[in-house]
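Below you'll find the structure, written out as structure tokens, and then a few comments.
Convention: sequence-line order gives letters A, B, ...; per-chain numbering from 1.
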Amino acid sequence: MKDLASAFTAANARVFAKLGLDPKHADVRRSDRPDLGEFQANGALAVAKAAGKKPQEVAQSVAAEWSATELSPAPSIAGPGFLNFKVTADALTRRAQFVADDAHAGASLVEHKRRVVVDYGGPNVAKGMHVGHLRASIIGESVKRIYRFRGDEVWGDAHFGDWGFQMGLVITALEDELGGFDDEAKLDARLKALTLDQLEAIYPAYAKRVKEGDINVRDRARKATAALQGGSELHRTIWKAMHDVSMAAQKRDFASLGVDFDLWLGESDADPLIPGMVEDLGKKGLLEDDQGARILRVAGPGETRKKKRDDGTVVEVESPDPLLVVSSEGSAMYGTTDLATIVQRMRDQKPDLILYCVDQRQADHFEQVYRAAAKAGYAQRDQLEHIGFGTMNGPDGTPFKTRAGGVLKLQDLIGQAEEKARHRLKENEIGADFSKEEFEDVAHKVAIAAIKFADLSNFRGTSYIFDLDRFMSFEGKTGPYLLYQAVRIKSILRKAEEMGLTPSPPLRGRGQGEGGRSDAQAPERLNAPHPPTPAPQGGGGVIAIEHESERALALALDAFDGALRTAYDKKSPHFLAEHAFNLAQAFSGFYTNCPILPSEGAVRASRLALAAATLKQLTLTLDLLGIEVPERM
RNA sequence: GCACCCGUAGCUCAGCUGGAUAGAGCACUGCCCUCCGAAGGCAGGGGUCGGGGGUUCGAAUCCCUUCGGGUGCGCCA
């Protein structure tokens, strides 16, 4: 069953077609003038010009043709030709009942199922997870869930940063620490004792030295990089130890964030494909020698820009810059690895689409890689898409730093949020009767909900200011508020059960007893087959929409599919975050104005069914954002 | 220097394939708990949508220009 806006649009398109008007202007959407109608169509104005008629006349003929539909009475005309619709109680009730009975809460499937790889997270072997990885992980996880939920076949890939110059740099640092790698036993012992904390300390120190012009370190690190990529057994052994210790720590961090991958691959996994790929690129005549390196030009004819050189002179160069495929040291660069990863994915997953959920600042880089892939025939340009996002900033508006100026570790950030959650819970006298385990579990869920919702309620493309106090507030547009609303409904449904009231079908199916599970189960739930037809209606909980607040709630429930489709099309979870908040608010109004348990008979059954449907859809929406709802809080 | 992104209420942000009176949260003011969780609800004040010009019946939205902020620009990833 279609959502109401789609049903209206389809019906309106038929009317347009019948009148000889272009149906593409027939779009009907939720009204932004609720005083005039619940849905609106503005197409009469646009189409009037093309048809050489007056907007008012077009609107009148459309309105006249509409009179017979069951969806709505004939629309009213306002202003120069706006059409305003009000849904019939019948149509709205049917829709609400469908959402209540549907295992997917009214969400539609994609028309054409695609195979999609979502590349996100992007942790770095030599750097622990910090706040910089937060957005990539949170947004990517949500995009992955949204795509999967709509019916695509989806692989999430962590794409570890475990290759390239950074590895050579850390190996060089270790060489200095040990005074060389000649003593095998010493090296072995050192590798066994290696921790991620140590890697985290080593890497920035050496990166800084190179950045400050230590050519000796730079050249040794480049040689070490080339040796690693060249298959040196010593270098591979050291790399493996670093890789393993880092991977274990990263997996723990992802788990606590509620982020999970189908593929735990890294840049290194694409390395075996590089020699063959470089050879192939050479054969295709795409590579050129340039200052000792081999490059692949991706700019089209006439694509140039001006560039300022270090000496101050300005020259005209091609744009985008060529992709540097092989460095003058003979090693593979970032772009080379990314290109090889495309080859690998096309071979293994055969995706129709690869989404890269990576910082917006890398837009130019991906443009180079995508163009190179298209030129080489590895993928079509429109199969590759960069889902860029802005930075998470501190109060000063620049990328988030700790007070000391360093990066904040992910675990410390989560810990801070949990601490605030504990305080808030205690302040509100929640959880006094909880076991320690449940209390900690709730605090963790509240913390994660706060962090994720704050991130996902902003459009991904823009940067936002991180303010933990604001995010952790239990009031307003926050994660904790949404959890509160969901938990409040759970509480009502529990009471209803205690009163011996027959739970309606959706309550049994999903709403109750679903929380408190591990994160690992979330993707599995979303993998559940999407039923092509709604589940049969149960005996209890027949919905009847009477009160104005019930109407508002039903309209909010109906809007889920539209929000989901927009989030999918635009790869922007914030449309779903917005929906979750609207739904929670609509429920709150309903809760205030329409007593559920204190009412009786059919009214109570209907309201219970509405509450259960709301919980189901709210839980599902939050799940698509990667947010878990506790049983109580 | 060139390119891209952003500038909307006191603050944090939506809206931007052009459409009616520009929205939300916080903060502020005032109401509503003998009633299912008030972590709530309702009402109100608050805006030259950075400035200027243009296209259009109609511009926060499209084009040009200007100012302010951010980011990127081959041997890091």
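Nearest to the side chain of A:L597, among B:C36, B:A20, B:G74, sits B:C36. Closest approach to the A:F581 side chain among B:C73, B:G25, B:A77 is made by B:G25 (side chain taken as heavy atoms from C-beta onward). Taking the side chain of A:I492 as heavy atoms from C-beta on, and the options B:C75, B:G37, B:G19, the nearest nucleotide is B:G37. Taking every side-chain heavy atom of A:R632 into account, B:G37 is the closest of B:G40, B:G37, B:A77. Each of B:G74, B:C73, B:C35 was ranked by its minimum atom distance to the side chain of A:P598; first place goes to B:C35. Closest approach to the A:Y334 side chain among B:C36, B:A77, B:G74 is made by B:A77 (side chain taken as heavy atoms from C-beta onward). Out of B:C76, B:G15, B:G37, the shortest distance to the side chain of A:H574 is found at B:G15. Across B:A20, B:G25, B:A38, the shortest atom-to-atom separation from the side chain of A:Y484 is found for B:A38. Of the candidates B:A20, B:A27, B:A77, B:A27 carries the atom nearest the A:E475 side chain, counting heavy atoms from C-beta on.
With hydrogens and angles ignored, no donor-acceptor pair closer than 3.5 Å exists between the side chain of A:N393 and the base of B:G70. Between the side chain of A:N84 and the base of B:A20, at least one donor-acceptor pair of N or O atoms lies under 3.5 Å. If you check distances only, the side chain of A:E578 never reaches the base of B:A24 with a donor-acceptor pair under 3.5 Å. For a distance-only test at 3.5 Å, the side chain of A:S328 qualifies as a donor-acceptor partner of the base of B:C75.
One atom, CZ of A:F453, and another, C1' of B:G25, lie 10 Å apart when rounded to the nearest Å. For A:K211 and B:A77, the NZ to C1' distance is 13 Å, given to the nearest whole Å. If you measure from atom CG of A:N593 to atom C1' of B:A43, you get 14 Å, rounded to the nearest angstrom. To the nearest angstrom, C1' of B:C13 lies 17 Å from CZ of A:R460. In this structure, CG of A:D455 is placed 12 Å from P of B:C13, rounded to the nearest angstrom. Regarding A:Y591, its OH atom lies at a distance of 16 Å from the C1' atom of B:C42, rounded to whole Å.
The shortest distance between the side-chain N/O atoms of A:T462 and the OP1/OP2 oxygens of B:A14 is below 4.0 Å. For B:G25, one of the phosphate oxygens OP1 or OP2 lies less than 4.0 angstrom from a side-chain nitrogen or oxygen of A:Q585. The phosphate of B:G37 (OP1 or OP2) has a side-chain N or O of A:S491 nearer than 4.0 angstrom.
Its glycosidic angle being within 90° of 0, B:C33 falls on the syn side.
Across A:R460 and A:S572, no two heavy atoms sit closer than the pair NE-OG, 3.5 Å.
The aromatic ring centres of A:F581 and A:Y481 sit less than 6.0 Å apart. Taking the six-membered ring for Trp, A:H365 and A:Y334 have ring centres closer than 6.0 Å.
Note on ring orientation: taking the six-membered ring where Trp is involved, the planes of A:Y356 and A:F366 are tilted (angle from 30° to 60°). The aromatic rings of A:F459 and A:H574 sit perpendicular, their planes meeting at an angle over 60°, well past the 30° parallel limit. Classified by interplanar angle (parallel below 30°, tilted 30° to 60°, perpendicular above 60°), the ring pair A:F160/A:H243 is tilted.
The 5' end of RNA chain B is approached more closely, in terms of each residue's nearest nucleotide, by A:Y464 than by the other of A:T478 and A:Y464. Annotation: of the two residues near RNA chain B, A:N458 and A:Q166, the 5′-most nearest-nucleotide partner is A:N458.
With its ring centre under 5.5 Å from that of the base six-membered ring and a plane angle below 30°, A:F82 counts as stacked on B:A20.
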